[in-house]
Amino acid sequence: MNDTDIFMQPQYQFTEIEQQAQQYWSDRNSFAARLDGKKPKYYCLSMFPYPSGKLHMGHVRNYTIGDVLSRHHRMLGYDVLQPMGWDAFGLPAENAAIQNKVPPAKWTDDNIAYMKKQLQSLGFAIDWSRELATCKPEYYKWNQWLFLRMLEKGIAYKKTQTVNWDPVDQTVLANEQVIEGRGWRTGALVEKREIPGYYLGITQYAEQLLADLDKLPGWPERVKTMQANWIGKSTGVRFAFTHDIRDTAGELIADGKLWVFTTRADTIMGVTFCAVAAEHPLAMLAAHGNAELAAFIDKCKQGSVMEADMATMEKEGMDTGLKVTHPLTGEQVSVWVGNYVLMSYGEGAVMAVPAHDERDFEFAKKYKDQLPAIKQVVEPFELQDYRERQERLGKGNASLNKPNSGPLTQNEYLAASDSVIENFSFTTDSWKSIYASTVTSVCINSGKYDGLRYEDAVDAIAADLAAKSLGEKKTQWRLRDWGVSRQRYWGCPIPIIHCDNCGDVPVPDDQLPVKLPEDCVPDGSGNPLNKLDTFINCVCPKCGQAAKRETDTMDTFVDSSWYYARYASKFSPDAMVDAETSQWMPVDQYIGGIEHAILHLLYSRFWSKVMRDMGLVNYDEPFANLLTQGMVLNHIFSRRTDKGGIEYFAPEEVGLIYDANGKIEGATTLADGQRVDFQGMGTMSKSKRNGVDPQSLIEQYGADTARFFMMFAAPPEQTLEWSESGVEGSHRFLKRIWAFAAEHPGIGQAGLVPTEIPQEFQKIRREIHLTLKQANFDLKKQQFNTVASASMKILNALERVPSQKTGIGQPIHSGYQLVVQEGLSILLRLLSPICPHLTHALWVELGYGDDILSAPWPEPLEAALAQDEIELVIQVNGKLRASITVAKDADRANIEQLVLSHAGVQKYLEGVSVKKVIVVPGKLVNVVVG
RNA sequence: GCCGGGAUGGCGGAAUUGGUAGACGCAGCGGACUCAAAAUCCGCCGCCGAAAGGUGUGGGGGUUCGAGUCCCCCUCCCGGCACCA
């Protein structure tokens, strides 16, 4: 090599080393993914970035994790695919356009070019030939194509949707652009508007999306739980209370039926009232001519809909004065408006059974003077079983009066149950101790249903309701269809043409893609496409008359719902994906932030199933294994300004103050020595000024240091606390490796055979192989922090190998050569996924081979791990007292005898007798005395 | 409020899944080199104690020869959420 000069230097010149390694990989196209069918495949995918301008630390962490996995699997003998691309449509490009008057296309392209350079400087083993950007027509053409197929199948459809409308800018706002009910730019009060839009029928796949979570053992439990909750399946009974309530025109409302949904139909005989949402037609009707009720309804509509806010909120309601008829008992039941009933879920109305629903109970407690007495209709099965046994024994006539207050025992409850309803005290505690019932309950006080357990009761009641045409069993989903229309410019055009004669006409396939004009500069006053005649005006594909193009674009979640499949395919202009896709898919390892646990992952799963049903792909689930990496945190420093605001200081602008325990107490600014407060660790963000720029990190320490620290500081799923001195420590380690290697030029070439190795060398060799064993175990667990520390341990061990130079000119011991040669080879390979540049350079320079990428992954050798003597720890009554060294095949009796005669043990045996001796082979001996 | 995950030195974090608690690193302290500093290297480093020893994984109880690890109760912290009938 002509660049040997760098390697001869004992100094670690990372910039040159990294550039040369990257050049080497790029010259040889080292990371082009190929499937030869002989090796197993490994598709490793990190969530693609939004090209916001430059990388942040979260990206560095995410992509380093992916790269470590990719490089490790490559050396294990897999064909690896690790692609990269750009989630390039979205609102920030439009905001930048408004600010800088640059077209979003230009802004996005420039950002991509810069960020690509940054990614390359980190040395990721990416197949750049598969790079894609979702804002390019050759990509989004297939969004449009699949959308049209969904339209044909009835999966996509049009209906009106509610949007946030800014009356000043005359534009639709995204939720994030609404700040405290006002438009972010204009400050105008935001209005709700109903406009038409396209929806995708994800609810048609609800059952599959829920059931197939079981096919994902490689996903974190919490992500699966979140998805299951989001899909929100509940099975129950939908039924109607009948009524004769008429509107102001005298028309019977909703055919005289008040529909409700319940998962607890077995408690139907315990209904004491009904509650409807504020927006429910019955509530609206009752509000006519009832100012008090109208005011209450208005108040309900204003309240927060967030669960956390609501959980502690007082349940409130008001009687509408309306009555409905119970479908089974014929009793008249009052209809109330309840602030805890949501119009958007189920029927917007509920039956209220205070005895067996905590919310209903809270409500009934508050309005007990206006509502009928609560009615218990189920009790735990175990209790009923108990009661029956008691009755057979002819017992059970005690009174409710319990001498000492406290919760009733089962026995006491049983004795008093007949009088419990009259004497029930209205507290949540007594409700919980008496009524709260699970589904293992049995009906009581329910006429013909008495004695039926949950499932049987629901079946019988559903059958009776069905016989009257007033109800049936039903599955209710929380999941709603996915609205994909966005009234924005920088997105994929929805391929529809509006014709006065023919209505909404799909763009024919041969006219795809509908290209987004790229020279627009949004000015904040709505979608510029609306003003672009060259885009809007077109010809109806059906009748040939002049027509208008749809100007809405698609939600950017569409773009990211299938990019992984495109990566895995040849980028054909004629097909969304090709046969190669099904060879690479599913993704073997997907890595990204937990913030995408619900929407992105659910939409991708849905999209995959749609593609599968259209015969495009052959997999049910796109991501076999999911790793959700933690966030990157840094110190936050702030102080109150004179004006009462908060001013933030970057960590490099302050000096820390520690308390007596060495904990950070506060800090002072380096500039003026003023005191600032330490706010703890928080996510790196611009607003808190605690971000660290990856670029300056790479320039100062190199990519390998950045990568090493990212892996070393915390396990991947946990948050990672930034530490400048931690980065320095990582850098120090890499310098030490370099210096150690520089002292052993050409050591990789020595052809040594490990035969007779003296003890002193064997001991360290064993330590190295033991550490390697642990590291390989940790890699399987994806616990990279201990893999990084294992590489440190191996270097520590290598530096301890006795060099035993016998004198000037004397050769060093062959045992030394062997252990260092082998140990360094293990260290370089083990470290190479984390620090690929340094290890690449040293592998070649020390003569181990041409390319560490094609070296096999190191495995510990049994011969190196074997030992003739083992150390056993000795405990007396579980406390560590001594240790002995015994032959590895020493038998139990032998060990016991050795232990009991050990001086360090005997002093604990005086005056007591040995009861038992426990020998854990290879580990320890516990002498139990007493 | 509900669901999920946690709590181990001054700090980040280990502990091969019930078997020597604190690996590895950071910070700190002491020393070597240096005119000096930086860099580098060597040593010490949970707490109490002069030592012997004792004690110690958020708190309390339990199972076990043995518990950071398993079980029950409690406290606090973080993440998620939908008053879901």
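Order of the sequence lines fixes the chain letters, A, B, ..., with proteins taken first and strands second; residue numbering starts at 1 for each chain. Both backbone and side-chain heavy atoms feed into the values below; hydrogens, waters and symmetry mates do not.
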Between C26(B) and Arg732(A), is there an OP1 or OP2 to side-chain N/O distance shorter than 4.0 Å?
yes
Can you tell me if Lys793(A) touches the phosphate of C24(B), counting only side-chain N or O atoms and a distance under 4.0 Å to OP1 or OP2?
no
Could you measure between the two C1' atoms, the one in G49(B) and the one in U40(B), and give it in whole Å?
36 Å
G53(B) and G59(B), which share atom name C1', separated by this distance in whole Å:
27 Å
Answer with base, sugar-phosphate or nothing: what part of the nucleic acid does Asp360(A) contact at a heavy-atom distance below 4.0 Å?
nothing
How far does the P atom of A14(B) sit from the matching atom of C65(B), given to the nearest Å?
31 Å
Per the glycosidic torsion and the 90° limit around 0, nucleotide G9(B) is syn
If we take the P atom in both C73(B) and G19(B), what is their distance in whole Å?
25 Å
Compare side-chain N and O positions of Thr786(A) against OP1 and OP2 of C24(B) and report whether any pair is under 4.0 Å apart.
no
When all nucleic acid strands are considered with a 4.0 Å heavy-atom cut-off, which category describes Arg238(A): base, sugar-phosphate, or nothing?
nothing
Name the nucleic acid region contacted by Asn785(A), choosing base, sugar-phosphate or nothing; use a 4.0 angstrom heavy-atom cut-off, strictly under.
sugar-phosphate
Judged by nearest nucleotide, the residue sitting upstream toward the 5' end of RNA chain B, Gln875(A) or Arg736(A), is Gln875(A)
Contact under 4.0 Å: Lys923(A) side-chain N or O vs C65(B) OP1/OP2:
no
Using a 4.0 Å heavy-atom cut-off, does Glu721(A) contact any base of the nucleic acid, only the sugar-phosphate backbone, or nothing at all?
sugar-phosphate
Is it the case that over 12 heavy atoms from other parts of the model lie below 6.0 angstrom from the NZ atom of Lys780(A)?
no
Heavy atoms under 4.0 Å, any strand shown: does Val928(A) hit a base, just sugar-phosphate, or nothing?
sugar-phosphate
In terms of heavy-atom contacts, Phe740(A) and His744(A) come closest through O-ND1, 2.8 Å
C24(B): pairing nucleotide in any strand, Watson-Crick or G-U under 3.5 angstrom
G12(B)
Between Asn926(A) and Arg881(A): side-chain donor-acceptor atoms closer than 3.5 Å
no
Heavy atoms under 4.0 Å, any strand shown: does Lys907(A) hit a base, just sugar-phosphate, or nothing?
sugar-phosphate
With a non-hydrogen cut-off below 4.0 angstrom, is Arg478(A) in contact with a base, only sugar-phosphate, or nothing?
base
Rounded to whole Å, how long is the line connecting atom CD of Gln227(A) with atom C1' of G79(B)?
16 Å
How far does the P atom of G9(B) sit from the matching atom of C44(B), given to the nearest Å?
23 Å
Looking at Lys793(A) and Glu767(A), does any basic side-chain N land under 4.0 Å from a carboxylate oxygen?
no
Partner of U55(B) under the Watson-Crick or G-U wobble criteria, both distances under 3.5 Å, comes out as G46(B)
With both distances under 3.5 angstrom, what nucleotide forms a Watson-Crick or G-U wobble pair with C2(B)?
G80(B)
Would you call U17(B) syn or anti, using the 90° rule around 0?
syn
What is the nucleic acid contact for Gln783(A), judged by heavy atoms within less than 4.0 Å: base, sugar-phosphate only, or nothing?
sugar-phosphate
Measure centre to centre between the rings of Phe784(A) and Phe712(A), then say whether the value is under 6.0 Å.
no
Ile598(A) CD1 to C3(B) C1', in whole Å, measures 12 Å
Indicate, with a heavy-atom threshold strictly under 4.0 Å, whether Val341(A) touches base, sugar-phosphate, or nothing.
base
Mind checking whether Trp482(A) and Tyr603(A) have ring centres under 6.0 Å apart?
yes
For U75(B), what is the paired nucleotide under Watson-Crick or G-U wobble rules, both distances under 3.5 Å?
A7(B)
Taking any heavy-atom pair under 4.0 Å as a contact, classify Gln718(A): base, sugar-phosphate, or nothing.
sugar-phosphate
Go through the steps to decide whether Phe14(A) and Trp738(A) satisfy the test ring pair (Phe, Tyr, Trp, His ring centres under 6.0 Å), and finish with yes or no.
CA-CA 10 Å; Phe14(A) 54 85; Trp738(A) 191 268; over 10 Å; no
Say we look at A51(B) and C45(B): how far apart would their P atoms be, to the nearest angstrom?
12 Å
For U64(B) versus C71(B), give the span between their P atoms, rounded off to a whole number of Å.
16 Å
Establish, from distance only, whether the side-chain atoms of Thr705(A) and Tyr12(A) form a donor-acceptor pair under 3.5 Å.
no
Mind checking Arg881(A) for me? I need base, sugar-phosphate or nothing, with any heavy atom below 4.0 Å counting as a touch.
sugar-phosphate
Tell me the interatomic distance from Leu770(A), atom CG, to A23(B), atom C1', rounded to whole angstroms.
12 Å
In whole Å, what separates the P atom of C48(B) from that of C33(B)?
33 Å
Under a 3.5 Å limit on both distances, the Watson-Crick or wobble mate of G66(B) is none
Per nearest nucleotide of RNA chain B, the residue lying toward the 5' end, Ala713(A) or Lys879(A), is Ala713(A)
